[in-house]
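What you see is a predicted model, and the numbers here were worked out from it, not measured in a lab. Basis for what follows: all heavy atoms, side chains included, without hydrogens, waters or symmetry-related copies. This chain uses plain numbering: 1 for the first residue, then up along the sequence.
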Amino acid sequence: MQVEKLEKTVPEVVQKLTKLKSDTLAAELSWCWVSFQNDQNPVGVIEKGQAALEVFKEAREKNSKAVSKKLVESLEKALN
C-alpha cells in the first residue's frame, strides 16, 4: 500500500463513489482512511478500496465514461 498515492486518490474515490450513488461505501472508505491516519492499520482502507474498485469496474462495464481509467489505475497502484 502506497500511503502517499492514497492521500491523493482517496478523496477522488470518495467523491466518485458519491456520484455513483454508493454513499455508504464512500462513507466507510472515508472513515477507514481517517482511522488509518490515526492508527496506521491499513486493513479497512485496503478492504474498502478493493470494494470501491469493484464498484468502479462494474460502472465502467455499463458505461466506460462513468469512471475514468486513470482513477481506477491510480487506486489499484495505491493499494498494491
S.K.: In the single-linkage hydrophobic clustering (I, L, V, M, F, W, Y; side-chain heavy atoms under 4.5 Å), do V34 and I46 co-cluster?
M.R.: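 Shared cluster, no.
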S.K.: Any carboxylate oxygen within less than 4.0 angstrom of a Lys/Arg side-chain nitrogen, looking at K5 and E76?
M.R.: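 Between E76 and K5 there is no salt bridge, as every charged N stays at least 4.0 Å from the carboxylate O atoms.
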S.K.: What is the minimum heavy-atom distance between A66 and A59, and which atoms define it?
M.R.: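 That closest heavy-atom pairing would be CB-O, 3.8 Å.
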S.K.: Count I, L, V, M, F, W, Y as connected when their side-chain heavy atoms are under 4.5 Å apart, and connections chain through other members. Are V3 and V14 then in the same cluster?
M.R.: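 V3 and V14: one cluster.
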S.K.: Just to verify, what does E58 make a side chain to side chain contact (heavy atoms under 4.5 Å, CB included) with, not counting sequence neighbours?
M.R.: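 Once residues adjacent in sequence are excluded, E58 has no partner under the side chain to side chain contact (heavy atoms under 4.5 Å, CB included) criterion.
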S.K.: With side chains defined as the heavy atoms from C-beta onward, is the minimum distance between E47 and E28 less than 4.5 Å?
M.R.: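 Side chain of E47 against side chain of E28, heavy atoms only: no contact under 4.5 Å found.
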S.K.: Does the side chain of V43 come within less than 4.5 Å of F36's, by heavy atoms?
M.R.: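 F36 vs V43: side chains apart.
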S.K.: What is the minimum heavy-atom distance between G49 and L75, and which atoms define it?
M.R.: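 Looks like O-CD2, 3.7 Å.
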S.K.: Of all heavy-atom pairs between V13 and A52, which one has the smallest distance, and what is that distance?
M.R.: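 Closest approach of V13 to A52, heavy atoms only: CG1-CB, 3.9 Å.
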S.K.: Measure the CE-CG distance between M1 and L6 for me, rounded to the nearest 0.5 Å.
M.R.: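 Rounded to the nearest 0.5 Å, the CE-CG separation comes out at 5.5 Å.
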S.K.: Give every residue pair that meets the side chain to side chain donor-acceptor pair (under 3.5 Å) criterion with at least one member in residues 7-25, sequence neighbours excluded.
M.R.: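 Output for this query is empty, none listed.
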S.K.: Using modelled atom types and a 3.5 Å cut-off, is there a donor and acceptor pairing between side-chain atoms of S30 and backbone atoms of A26?
M.R.: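 No; judged by distance alone, with no hydrogens or angles, the pair does not exist.
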S.K.: Quick one: closest heavy-atom pair of L79 and Q50, and the distance?
M.R.: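 Residues L79 and Q50, closest heavy atoms: CD1-N, 3.9 Å.
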S.K.: So, for P42 and Q40, which heavy atoms are closest and what is the spacing to 0.1 Å?
M.R.: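 It is CD-O, 3.3 Å.
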S.K.: In Å, rounded to the nearest 0.5 Å, how long is the span from CG of L53 to CZ of R60?
M.R.: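 Interatomic distance, L53 CG to R60 CZ, rounded to 0.5 Å: 11.5 Å.
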S.K.: Measure the CD-OG distance between Q2 and S74 for me, rounded to the nearest 0.5 Å.
M.R.: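 Taking CD in Q2 and OG in S74, the distance rounds to 10.5 Å.
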